[in-house]
Amino acid sequence: MKHDPDTRPATQVVQAGRRPEWTGGIVNPPVWRASTILYDSVADLRAAAGCDTHHRLFYGRRGTPTQWSLAEALTELEPGAEGTFLYPSGVAAIAAALLATLSPGDELLVPDSAYDPTRGFATGMLARFGIATRFYDPLVGAGIADLIGPATRAIFMESPGSLTFEVQDVPAIVAVARERGLVTLLDNTWATPLLFPAIAHGVDYAILACTKYIVGHSDVMLGSVTAGPGRFAALRDTSFQLGQHVAPDDAWLASRGLRTMAVRLRQHGDSALAIARWLADRPEVAAVLHPALPGCPGHDVFARDFHGPSGLFSFVLNGGDDAARAALIDGLAHFGIGYSWGGYESLALPVDPHRHRTVTRTDRAGPMIRLQIGLEDPADLIADLDRGLARFAAARG
Ligand SMILES: *Cc1c(COP(=O)(O)O)cnc(C)c1O
């Protein structure tokens, strides 16, 4: 196959990373398991040790073509990116990107809507190593400039935010960060590079919980960080020092998932939007927080910057308590009750974002539910939710 520089993203997810020297001509890059690598001679061993690219077999911890292929594919999906490092989970990826960026005495800015374990890493380990965190309103936009102090070193973003889906003005924040010499990091798990190419928008580190849409089948934990220009060496050095490594079998499953991600994401997004719109018209529902709907904070930014919707959103019930919410969720036939998302199956989760927020208002009309819309027929999911809302209304009284 010849390289076509104008390839579109949906074609890239099919082709990227499948170098013949890594696949041996097999369509799906095979699993190369390794710890020891054997050398022909002492000279050969020394040449490998002196080579700092991780595209040469050296020792199992530095990976094999199975991991390199996935990392290269993720890099190709982010136009302008320099390289990608893989991690055993999304949280490990977030931790490594922050450790590659920050030193004792620095301050980090984190949106109040960040994934709770991201907050936990900042207020736990980073604080223990003398790095302060200041939480900010995710809708601050260019106003982030007012929060930057002499010790501020980096701005973390997550767009849309976990549980409440505020869409951040990433280009405005990146512009301020560039002017002030700060590093930017974005948790891009919801959109993936297909719906929001983060590096092309000037972000320095684009982070994915590959556990979600890349893997897509709820059977592997994996994370990645893709570095913008000039940022890969720091990330790689930190990750090598931390001993980070991903099992080749997991990387292989993630590569397999990636090949169908464009079609899966389109279906997740279309179904989620249909269900979100249906919910928005229901009297039992006070608000629907899907970035593609006008009622979601930051919807204008979504309409400007994103290539389409994905399949995760929340809705706020009109009144009722925890027990009424549980009556809705417990009787669902087509939604599992569980953490994580991005697999082919639908999930419903009671969420209470006010428990985690410290700087933004959290008062709402009733309890919240987060839905991950899977690949089932959306008509079945709507009928299921219709019965659920009737149970909720009965329990609410
Ligand atoms: C799930 C998730 C993570 C963490 O990924 P894991 O692979 O579960 O560690 C990070 N960010 C967001 C937005 C997530 O939804």
Side-chain angles (χ1 to χ4, degrees), residues 112-117 119 138 160-167 190 212 218 267-299 309-358 360-397:
D112 211 23
S113 51
Y115 184 60
D116 194 43
R119 296 182 74 107
S162 277
L163 311 185
T164 43
F165 299 91
E166 297 92 337
V167 186
W190 187 91
K212 315 292 167 56
S218 304
Q267 189 61 55
H268 284 297
D270 287 352
S271 295
L273 208 49
I275 292 166
R277 289 196 174 117
W278 178 84
L279 282 168
D281 283 341
R282 295 290 305 227
E284 302 90 343
V285 173
V288 179
L289 302 172
H290 189 300
L293 261 57
C296 188
H299 165 72
S310 82
L312 187 79
F313 66 96
S314 291
F315 65 98
V316 181
L317 288 159
N318 217 340
D321 56 8
D322 193 44
R325 172 171 65 178
L328 191 166
I329 295 174
D330 286 344
L332 292 170
H334 299 302
F335 291 81
I337 305 169
Y339 291 109
S340 202
W341 51 278
Y344 54 81
E345 83 293 7
S346 290
L347 298 169
L349 193 69
V351 293
D352 299 294
H354 57 273
R355 291 195 188 158
H356 316 293
R357 307 292 159 100
T358 48
T360 45
R361 55 182 276 279
T362 54
D363 44 317
R364 297 187 194 278
M368 282 178 73
I369 295 175
R370 189 186 75 180
L371 297 179
Q372 127 83 10
I373 303 303
L375 302 178
E376 304 88 347
D377 190 318
D380 285 334
L381 302 178
I382 285 177
D384 203 17
L385 290 168
D386 192 31
R387 294 186 293 266
L389 289 174
R391 284 190 301 278
F392 165 76
R396 181 185 58 183

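Taking the side chain as every heavy atom from C-beta outward, Asp386 and Arg282 approach each other to under 4.5 Å. With contacts defined as side-chain heavy-atom distances shorter than 4.5 Å, the pair Asp321/Pro367 does not qualify.
To the nearest 0.5 Å, atom CD of residue Glu376 and atom OG of residue Ser271 are 8.5 Å apart. Residue Asp352 holds its CG atom at 9.0 Å from CE of Met368, rounded to the nearest 0.5 Å. Expressed to the nearest 0.5 Å, how far CG of Leu279 lies from CZ of Phe313 amounts to 5.5 Å.
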Query raised in the report: Are Thr164 and Arg357 close enough, and set up right, to give a side-chain contact (heavy atoms from CB on, under 4.5 Å), and what steps lead you there?
Result: CA-CA 11 Å; Thr164 43; Arg357 307 292 159 100; 2.9 Å; yes
Requested in this report: Report the C-alpha distance between Leu381 and Leu371 in whole Å, list the side-chain angles of each, state the deciding distance to 0.1 Å, and finish with yes or no for side-chain contact (heavy atoms from CB on, under 4.5 Å).
Outcome: CA-CA 11 Å; Leu381 302 178; Leu371 297 179; over 6 Å; no
Report task. Begin with the C-alpha distance, continue with both residues' side-chain angles, and end with the deciding distance and a verdict on side-chain contact (heavy atoms from CB on, under 4.5 Å) for Leu385 and Trp278. Result -> CA-CA 10 Å; Leu385 290 168; Trp278 178 84; 3.9 Å; yes
Requested in this report: May I have the step-by-step check of side-chain contact (heavy atoms from CB on, under 4.5 Å) for Leu163 and Asp116, ending in yes or no?
Outcome: CA-CA 10 Å; Leu163 311 185; Asp116 194 43; over 6 Å; no
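Looking at every heavy atom in both residues, His334 comes nearest to Asp380 through CD2-O, 3.6 Å. Shortest non-hydrogen contact noted between Ala292 and Leu273 is CB-CD1, 3.5 Å. Across every non-hydrogen atom of Ala274 and Ile382, the tightest pair is O-CD1, 4.5 Å. Ile373 approaches His268 most closely through the heavy-atom pair O-ND1, 2.7 Å. Nearest heavy atoms, Ala348 versus Ile369: CB-CG2, 4.4 Å. Nearest heavy-atom pair, His356 versus Arg119, reported as atom, atom and distance to 0.1 Å: O-CZ, 2.9 Å.
Using a 30° and 60° split on the angle between ring planes, Trp190 and His290 fall in the perpendicular class, above 60°.
Under a 3.5 Å cut-off, the side chain of Arg387 and the backbone N or O of Leu332 do not form any donor-acceptor pair. A donor-acceptor contact shorter than 3.5 Å links the side chain of Asp384 to the backbone of Ala333. Remark: side-chain polar atoms of Glu166 are not paired, donor with acceptor, to backbone N or O of Ser113 under 3.5 angstrom. The backbone N or O of Leu289 lies less than 3.5 Å from no partner atom in the side chain of Ser314, so there is not a single donor-acceptor pair.
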Only pairs under 3.5 Å count here: list side-chain donor-acceptor contacts from residues 390-397, not counting sequence neighbours, and write none if there are none.
{"residue": "Arg391", "atom": "NE", "partner": "Ala327", "partner atom": "O", "Å": "2.8"}
{"residue": "Arg391", "atom": "NH2", "partner": "Leu328", "partner atom": "O", "Å": "2.8"}
{"residue": "Arg396", "atom": "NH1", "partner": "Asn318", "partner atom": "O", "Å": "2.6"}

Distance-only check: which donor-acceptor pairs under 3.5 Å involve side-chain atoms of residues 338-345, not counting sequence neighbours?
{"residue": "Glu345", "atom": "OE1", "partner": "Ser218", "partner atom": "OG", "Å": "3.1"}
{"residue": "Glu345", "atom": "OE2", "partner": "Ser218", "partner atom": "OG", "Å": "3.1"}

